[in-house]
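Right, one structure below, let's go through it.
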Protein chains: 2
Amino acid sequence: MFDPVCPSDLSPIRIGDKWAGMIIRCLEDGPRRFSELRVPLRRVTAKVLTQSLRALERDGLVVRRVRTGGVRHVEYELTPLGRSLLGPLDVACAWAEAHWEQLLDARESASP
Amino acid sequence: MFDPVCPSDLSPIRIGDKWAGMIIRCLEDGPRRFSELRVPLRRVTAKVLTQSLRALERDGLVVRRVRTGGVRHVEYELTPLGRSLLGPLDVACAWAEAHWEQLLDARESASP
DNA sequence: CCGGATCCCACAAGATACTG
DNA sequence: CAGTATCTTGTGGGATCCGG
């Protein structure tokens with residue numbers, strides 16, 4: 001999913017904006033810092049990542065927590081509502097994995 | 001889902017473009033003609049509906065069949081691949097129905 | 001370390017009018 | 001009936017630079 005080769009953006013099923021699905025995946029095992037999120041999400045600029053996180057926060061799917069002890073330290077964590085999306089997310093991933101070859105075949109026979 | 005009041009576009013889960021989910025729903029009980037689709041999808045212009053249908057066709061989710069017998073007659077039908085999306089679609093609808101109140105609460109407490 | 005400010009572009013989506 | 005043709009607008013996503 002985080003591999004540029006992996007065609008997760010080819011799937012017709014989307015959760016939130018372009019990166020929200022992957023962000024939620026990154027948070028499923030517990031809170032992560034902003035810079036920790038940037039490691040698997042290398043291809044996202046800081047601004048866009050912030051935008052996505054803010055959108056998730058507005059919808060109550062994620063909480064933002066600022067630890068101001070000496071060094072700046074911001075954590076993001078899934079709320080219960082955010083966790084409730086993990087089920088649908090699994091369904092979406094399973095569908096994509098099962099059918100992406102058919103999708104590719106259909107597209108290339110449609111536009112040679 | 002087709003009611004303007006129903007907040008299906010509020011859900012973070014989306015299938016295809018803006019109208020694809022509803023189109024697939026309209027086709028789940030069998031083939032439908034273009035003008036039949038326009039009845040429940042009153043708020044979609046013909047152009048946009050055509051665009052969505054063409055996109056679904058390119059991805060192999062829908063087949064377009066022209067019956068040229070006197071009057072023009074075009075039918076759209078789900079392919080097996082398209083039908084395989086009905087499961088994920090149900091999951092998405094179930095999630096939205098179960099959580100849209102929480103979503104609304106989160107949004108209004110975020111931006112008063 | 002975690003962003004905000006600014007500028008930019010591509011593309012989705014709609015309004016409107018017209019057609020084989 | 002089932003679309004096309006044009007035009008316009010809005011917005012998501014990105015590049016780059018700047019700041020507490």
Side-chain angles (χ1 to χ4, degrees), chain A residues 2 4 7-24 26-27 31-59 61-77 107 111, chain B residues 2 4 8-24 26-27 31-59 61-77 107 110-111:
Chain A
F2 304 100
S8 68
D9 58 345
L10 175 147
S11 168
I13 312 176
R14 268 232 195 114
I15 302 214
D17 60 26
K18 186 173 179 180
W19 305 102
M22 289 189 270
I23 291 173
I24 291 175
C26 291
L27 294 177
R32 293 281 179 262
R33 296 177 50 186
F34 187 82
S35 41
E36 288 179 304
L37 290 173
R38 297 208 62 186
V39 176
L41 299 171
R42 214 172 273 114
R43 311 198 315 286
V44 198
T45 64
K47 175 205 158 190
V48 173
L49 182 55
T50 302
Q51 279 182 354
S52 286
L53 286 165
R54 292 286 197 268
L56 292 171
E57 196 189 3
R58 273 200 313 276
D59 284 354
L61 305 174
V62 153
V63 278
R64 178 173 179 270
R65 203 169 292 115
V66 186
R67 318 280 267 191
T68 165
V71 196
R72 190 111 180 259
H73 188 107
V74 182
E75 273 183 356
Y76 294 91
E77 185 176 9
R107 288 206 183 170
S111 68
Chain B
F2 305 98
S8 69
D9 59 344
L10 175 148
S11 167
I13 311 178
R14 268 230 198 118
I15 302 215
D17 61 26
K18 187 173 180 183
W19 303 102
M22 288 188 271
I23 291 173
I24 291 174
C26 292
L27 294 178
R32 294 281 179 262
R33 297 175 48 183
F34 187 82
S35 43
E36 289 179 304
L37 289 173
R38 296 206 64 184
V39 176
L41 298 171
R42 211 172 277 113
R43 311 198 314 287
V44 196
T45 64
K47 175 204 155 186
V48 173
L49 182 55
T50 302
Q51 279 182 354
S52 286
L53 286 166
R54 294 285 198 270
L56 292 171
E57 196 188 5
R58 273 199 315 275
D59 285 354
L61 305 173
V62 153
V63 278
R64 177 172 180 271
R65 201 170 291 117
V66 185
R67 316 281 264 194
T68 164
V71 197
R72 190 108 183 258
H73 188 108
V74 182
E75 274 183 355
Y76 294 91
E77 183 175 12
R107 288 208 183 167
S111 67

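Any value given below was found using the heavy atoms of this structure, including those in side chains, with hydrogens, waters and symmetry copies removed. Below, read A as the first sequence line, B as the second, and so on, with proteins coming before strands; counting in each chain starts at 1.
Taking CZ of A:Arg33 as the reference point, atom CZ of A:Arg65 lies at 14.0 Å (rounded to 0.5 Å). Considering OG of B:Ser35 and NE2 of B:His73, their distance stands at 8.0 Å, rounded to 0.5 Å.
Residue A:Arg64 is classed as a sugar-phosphate contact, given heavy-atom separations below 4.0 Å to backbone atoms only. As judged by a 4.0 angstrom heavy-atom cut-off over every strand, B:Arg33 is placed among residues touching the sugar-phosphate backbone only. At the heavy-atom level, B:Arg54 lies under 4.0 Å from the strands shown only through sugar-phosphate atoms.
B:Arg64 and B:Arg72 make their closest contact through NH2-NH2, 4.0 Å (heavy atoms, listed as atom of the first residue, atom of the second, distance). Residues B:Leu49 and B:Val44 come closest through the heavy atom pair N-CG1, 3.7 Å. Closest non-hydrogen pair, A:Cys26 versus A:Arg32, comes out as O-CG, 3.6 Å.
Looking only at side-chain heavy atoms (C-beta outward), A:Leu27 and A:Leu37 come within less than 4.5 Å of each other. At a threshold of 4.5 Å between non-hydrogen side-chain atoms, the residues B:Arg43 and B:Trp19 count as touching. Taking 4.5 Å as the limit, every side-chain heavy atom of B:Val63 sits out of range of all side-chain heavy atoms of B:Glu57.
Mapping heavy-atom proximity under 4.0 Å, the span of DNA chain D touched by chain A runs 5' to 3' from D:dG13 to D:dG20.
Using a 4.0 Å cut-off between charged nitrogen and carboxylate oxygen, B:Arg67 and B:Glu75 do not count as a salt-bridge pair.
When each of A:Leu56, A:Leu53, A:Ile23 is checked for a side-chain contact (heavy atoms from CB on, under 4.5 Å) with A:Leu61, only A:Leu56 meets the rule.
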Per-nt protein contacts along nucleotides 6-20 of chain C (heavy atom under 4.0 Å; B base, S backbone sugar-phosphate only, - none) come out as B------SBB----B
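Overall, the helix from C:dC1-D:dG20 to C:dG20-D:dC1 carries an axis bend of 50° between its ends, with five pairs at each end and the value rounded to 10°.
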